[in-house]
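Data first, discussion second: the structure below is written as structure tokens.
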Protein chains: 2
Amino acid sequence: MAPQQDRKSAILRSSADLFARQGVASTTVRQIADEVGVLSGSLYHHFPSKDAIVNEIVTTYLEHLRGRYREVLSANLSPRDRLEELITASLLAADAEPNASIIYQNEMNYLREMPQYEAVKAAAAEVQQTWLAVIEEGRADGSFRTDIEPRVFYRFVRDAVWLSVRWYRPEGPYTIERLAADCASIFLDGYAAFDLD
Amino acid sequence: MAPQQDRKSAILRSSADLFARQGVASTTVRQIADEVGVLSGSLYHHFPSKDAIVNEIVTTYLEHLRGRYREVLSANLSPRDRLEELITASLLAADAEPNASIIYQNEMNYLREMPQYEAVKAAAAEVQQTWLAVIEEGRADGSFRTDIEPRVFYRFVRDAVWLSVRWYRPEGPYTIERLAADCASIFLDGYAAFDLD
DNA sequence: GTCTATATTAGGATAGAC
DNA sequence: GTCTATCCTAATATAGAC
């Protein structure tokens with residue numbers, strides 16, 4: 001990797017870390033520069049603005065996420081298995097780029113005011129469409145309930161899945177795969193004890 | 001209500017609205033003053049700082065939430081019904097003060113840096129304790145599953161419940177009570193179609 | 001590609017008149 | 001209780017030397 005790419009990714013890495021911990025608005029370009037080990041003016045050789053850094057972090061993340069979703073959709077699975085795979089793919093994407101994922105969850109207010117918001121919005125719409133299609137498929141073939149609106153179910157799952165990046169810690173024996181399995185089981189089977197009689 | 005109380009609550013109302021829409025850090029005291037119809041200096045007659053406004057919004061909200069939880073705990077209910085009532089109480093609290101609820105969800109980064117953070121943290125701990133106690137009770141009497149950690153279940157429910165304030169709109173025929181019932185049913189019974197054979 | 005130096009803007013907060 | 005006027009600080013961003 002060329003040296004300027006190293007520096008650029010160092011800026012992205014440090015920025016993502018600070019944005020996730022402190023919020024975008026409260027993070028200054030001087031802090032980012034400090035973390036990288038340059039002076040603040042030098043950042044502007046690599047990015048035209050602070051917003052551009054935010055934008056690159058978030059769009060890269062959404063790009064990776066969409067790639068994972070496409071893989072899930074290409075496999076031939078039952079709606080139930082596909083939903084579980086969407087959950088797993090989302091959790092793996094968040095685990096691969098936790099800072100980007102946190103920023104995406106926390107900074108919708110900020111992103112909405114950015115000039116590049118349309119691209120983010122389009123990616124978000126595609127993500128939502130992916131989930132809803134799987135849910136509709138499961139309703140059609142009788143594997144999911146039809147007495148609860150798909151959108152309502154989707155939003156509950158989505159928020160539970162995305163927000164887990166705020167509390168899940170990959171250290172320890174509790175793996176992402178286990179987390180995904182527990183999540184899928186709660187949302188599909190419920191937390192009430194199984195009736196065995 | 002005395003006139004100075006009117007003005008003070010107008011400041012709180014306008015601030016909450018702006019904080020929820022734009023984020024705390026991106027909202028200026030001048031914007032708040034504009035919204036209220038005074039000049040920015042006048043705000044400081046009612047509050048010592050912008051942080052103090054944030055703090056009052058959030059602590060009042062948490063106070064109301066704790067009141068609702070206490071009511072739920074005082075009733076004699078099964079763990080399942082109590083969990084459902086906790087969900088309903090949370091959704092009603094968020095619906096009563098949607099801006100405060102949104103701020104509380106979005107601005108953890110900001111709140112953590114405030115001098116009054118300890119009070120918020122204590123209230124948050126009590127809220128968590130309330131949920132966990134009900135979950136443990138249900139595990140003990142056999143109504144909830146024991147193969148998934150209570151904390152994991154709690155966090156999924158919590159995030160799904162709290163975040164609904166971002167998308168739920170009280171207009172229209174879909175009521176809070178219905179939302180609460182759907183949420184409880186998804187989390188307890190699951191979204192998979194009921195097996196009827 | 002990074003530095004120095006600085007322009008420019010805007011933020012939170014305050015003092016004192018009314 | 002509000003206004004006027006302003007202090008002080010800190011932010012993003014730029015220009016030009018090295």
Using heavy atoms and a sub-4.0 Å distance, could you list which residues of residues 14-25 of chain B are near DNA chain D? By number, please.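 Correct list: empty, so none.
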
Over all strands shown, is B:Thr27 touching base, sugar-phosphate only, or nothing at heavy-atom distances under 4.0 angstrom?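 Answer is sugar-phosphate: B:Thr27 comes under 4.0 Å of backbone atoms only.
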
Among [options], the one nearest [X] by side-chain distance:
X	options	result
B:His46	D:dC3, D:dG1, C:dT2	D:dG1
A:Arg7	C:dT4, C:dT2, D:dT12	C:dT2
A:Val38	D:dC3, D:dA13, C:dT2	C:dT2

Polar pairs (N or O, both sides) under 3.5 Å between protein and nucleotides 15-18 of chain C?
none

Measuring to OP1 and OP2 of D:dG1, would you say a side-chain N or O of B:Ser42 lies under 4.0 angstrom away? no

Would you say A:Tyr44 places a side-chain N or O within less than 4.0 Å of OP1 or OP2 belonging to D:dT14?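 It does not, given that no N or O in the side chain of A:Tyr44 lies less than 4.0 Å from OP1 or OP2 of D:dT14.
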
Can you tell me the distance, in whole Å, between the [atom1] atom of [X] and the [atom2] atom of [N]?
X	N	atom1	atom2	value
A:His45	C:dC3	NE2	C1'	13 Å
A:Leu43	D:dT14	CG	P	13 Å
A:Leu39	C:dC3	CG	C1'	6 Å
A:Ile53	D:dT12	CD1	C1'	11 Å
A:Lys8	C:dT2	NZ	P	13 Å
A:Tyr110	D:dA11	OH	C1'	11 Å

Counting only heavy atoms not in A:Glu71, do more than 12 fall under 6.0 Å of its CD?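 At most 12 heavy atoms, drawn from other residues, nucleotides or ligands, come within 6.0 Å of this atom.
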
Checking A:Ala193 now: which residues fulfil side-chain contact (heavy atoms from CB on, under 4.5 Å) with it, not counting sequence neighbours?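 A:Ala193 satisfies side-chain contact (heavy atoms from CB on, under 4.5 Å) with no residue once adjacent residues are dropped.
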
In residues 88-95 of chain B, what donor-acceptor pairs under 3.5 Å come from side-chain atoms, sequence neighbours left out?
from: B:Thr88; atom 1: OG1; to: B:Glu84; atom 2: O; distance (Å): 3.0
from: B:Ser90; atom 1: OG; to: B:Tyr69; atom 2: OH; distance (Å): 2.7
from: B:Ser90; atom 1: OG; to: B:Leu86; atom 2: O; distance (Å): 2.7

Partner set under ring pair (Phe, Tyr, Trp, His ring centres under 6.0 Å) for B:Phe19, not counting sequence neighbours: none

Considering only heavy atoms, which members of residues 28-36 of chain B lie under 4.0 Å from some atom of DNA chain C?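 Close to the strand are B:Thr28, B:Val29, B:Arg30.
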
Which pairs with one or both residues in [range] pass salt bridge (charged side-chain N to carboxylate O under 4.0 Å, His left out), sequence neighbours excluded?
range	answer
residues 35-50 of chain B	none
residues 10-33 of chain B	B:Asp17-B:Arg21
residues 153-171 of chain A	none

Spatial distance of atom OG (B:Ser185) from atom CZ (B:Arg178) [nearest 0.5 Å]: 9.5 Å

Pair up each side-chain donor or acceptor in residues 107-124 of chain B with any protein partner under 3.5 Å, not counting sequence neighbours, and list the distances.
from: B:Glu107; atom 1: OE2; to: B:Val24; atom 2: N; distance (Å): 2.9
from: B:Tyr110; atom 1: OH; to: B:Asp51; atom 2: OD1; distance (Å): 2.8

Considering residues at least two apart in sequence or located in another chain, which fulfil the side-chain hydrogen bond (donor to acceptor under 3.5 Å, both in side chains) criterion with B:Gln31? B:Gln22

Inter- and intrachain pairs under ring-ring contact (aromatic ring centres under 6.0 Å, His included), touching residues 158-179 of chain A, at least two apart: A:Trp167-B:Phe156

Do the ring planes of A:Phe153 and A:Phe187 sit parallel (below 30°), tilted (30 to 60°) or perpendicular (above 60°)? perpendicular

